[in-house]
Amino acid sequence: MDMKFKKFIILSIILNIFNLNVLKSQEIDFLTITAVGDLMIGTNYPSKSYLPPNDGKQIFDNVFKYLNNSDITFGNLEGVIMSENIPTTKRCSDPKKCYAFRMPDHYAKYFRDAGFNLLSIANNHINDFGEKGIDNTVKLLKQENIKFAGTHNYPIAEFNINGWKIGFCAFSPNKGTMSINNAEEAITLVKSLKQKVDIVIVSFHGGGEGKNFEQINDQIEYYLGENRGNPYQFSRNMIDAGADIVFGHGPHITRAIDMYKGKIISYSLGNFATYGRFDLSGIRGFSPIIKLKINKKGNLVSGNIISTKQIGDGIPVIDKKNQAIIKLQDLMKNDLINKKIKINDDGSFDLIN
C-alpha cells in the first residue's frame, strides 16, 4: 500500500473518531422540560381594550426566569395570532359576550422571547377566526421557530434538541383538531411517532371545566353537553402507545399530577397567562409551572412545581402562598392517582418505589 494512501486512511480514521466524540459531547444525558397551561395574552377582538398594558411587552417579566431555562418550554395557545380585523366565525349576536381570542401578529415574538418553543394548537379557540386565523398563526409560529401541532393539517411536530429526537402531538374534542375521542387514531399516531423519535410528548385539551371537575375519575366528562373525553383513560392509552409525557389543559383549573409506568401525567395545568376575558376568581386564578428532568428512556428523574397566580386582568406572577402546590397535594390524595410521586411543600418531587 502506498505510504501517502496509508497516511490518508489513518488521518480519516482519526477525523471520524474526533467527529464522533464531538457529536457525543453535544448530546445531553437529561432533557429539561418546563410546562404551563393556557396562554392567551390579550385579544384585539372585539376591541383593543382587551390588550395588556404597554402592548403586552412585559407580560412574562415576572415569570421569565422560570420559563427561559429549559430545553423545551411548553404551553397551550388558547386562541389565534392575527392582527387583521376580520369577524369571528363563531355564532354570536353580541361581540362583547362572544369569547373569541385573537392576539396581534407581533405577540408571537413575545412567546418566543419568553422561552416558549413548543405550543399546542388543539383547543376550542383555534377555530375562532376560521382557516385564515389558523393559517396566520401557523405562519407566525414557524417564523419564530416555535414548534406546534394539533390540527388535521398539522397533527405532529418532530424536532431535535441537543441530540435528542422529539415528537409532539396534541388532541382536543373540537372541530378541525386531532380528536381526544378517537382512541384508535390517537394510539396509531403515537405508536408511529415513537418509532421515529426518542421522546414523545402528548398534549390534550379535555375534561370538564371548573370546580366540579377538580377530581379525576375514570369516566367520560361532559360539559355544556359536549363530550370532553376521559382524560384518565386517554392519558394511559397514550403512554401505553409510547408517549413519555402527557400534559393536559382545558378545565381552566389545576388538576392532579399522576405517574404511570414511570411517565408523568398532568391532567390540567390551569390558566397561566390569560389576559382580559377570563374568569380568574378563586381556583381559576392560580396554576403551576411544572419543571421536569427526564432520561433518554423518557422516565422521570426529578421535578418540581413553582406556584403562580394572575394579578389584575391576567398578569402571571409568582404566588408566595404556593396555592398551586397546596392544591396539587390535596388533589393527589385521590384514590385513582398512582402514589408513585409526592409533591413536597417546597414543590420538589419525591419518587416513591
_side-chain hydrogen bond (donor to acceptor under 3.5 Å, both in side chains), that's the test. Do K175 and N124 meet it? Break it down for me._
CA-CA 8 Å; K175 178 184 176 182; N124 54 313; over 6 Å; no

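- Partner of F278 under the ring pair (Phe, Tyr, Trp, His ring centres under 6.0 Å) criterion, chosen from F101, Y99, F272: F101.
- Across all their heavy atoms, A149 and P155 have their closest contact at CB-O, 3.7 Å.
- Nearest heavy-atom pair across M103 and I41 is SD-N, 3.6 Å.
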*Intermediate values then yes/no, side-chain hydrogen bond (donor to acceptor under 3.5 Å, both in side chains), D55 and Y107*: CA-CA 9 Å; D55 197 27; Y107 279 31; 3.1 Å; yes

Donor-acceptor contacts under 3.5 Å from residues 311-321 side chains, at least two apart:
{"unit_1": "D319", "atom_1": "OD1", "unit_2": "K321", "atom_2": "N", "d": "3.1"}
{"unit_1": "D319", "atom_1": "OD2", "unit_2": "Q323", "atom_2": "N", "d": "3.0"}
{"unit_1": "D319", "atom_1": "OD2", "unit_2": "Q323", "atom_2": "NE2", "d": "2.9"}

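- In this structure, F60 has its ring center no closer than 6.0 Å to that of Y110.
- At a cut-off of 3.5 Å, with distance as the only test, no side-chain donor of N85 or Y45 sits close to an acceptor on the other residue.
- For the residue pair N174 and N127, no side-chain donor N or O sits within less than 3.5 Å of a side-chain acceptor on the partner.
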*Could you go through the side-chain hydrogen bond (donor to acceptor under 3.5 Å, both in side chains) check for Q329 and D345 one step at a time?*
CA-CA 8 Å; Q329 289 173 329; D345 291 345; 2.9 Å; yes

*T34 and K291: side-chain hydrogen bond (donor to acceptor under 3.5 Å, both in side chains), yes or no, with the steps?*
CA-CA 4 Å; T34 295; K291 300 186 79 69; 2.6 Å; yes

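- Ring centroid separation for the pair F74 and F116 does not come in under the 6.0 Å cut-off.
- For T254 and S287, the side-chain atoms include no donor-acceptor pair closer than 3.5 Å.
- In terms of the side-chain hydrogen bond (donor to acceptor under 3.5 Å, both in side chains) criterion, K340 has no residue partners (sequence neighbours excluded).
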_Test log, rule salt bridge (charged side-chain N to carboxylate O under 4.0 Å, His left out), inputs K196 and E158_ = CA-CA 9 Å; K196 299 183 285 182; E158 296 179 58; 3.0 Å; yes

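- Taking the centre and axis of the six-membered ring of Y223, the NZ or CZ atom of R228 falls outside the cone set by 45° and 6.0 Å.
- Side-chain atoms of N44 and Y50 form no donor-acceptor pair, as typed in the model, at a separation below 3.5 Å.
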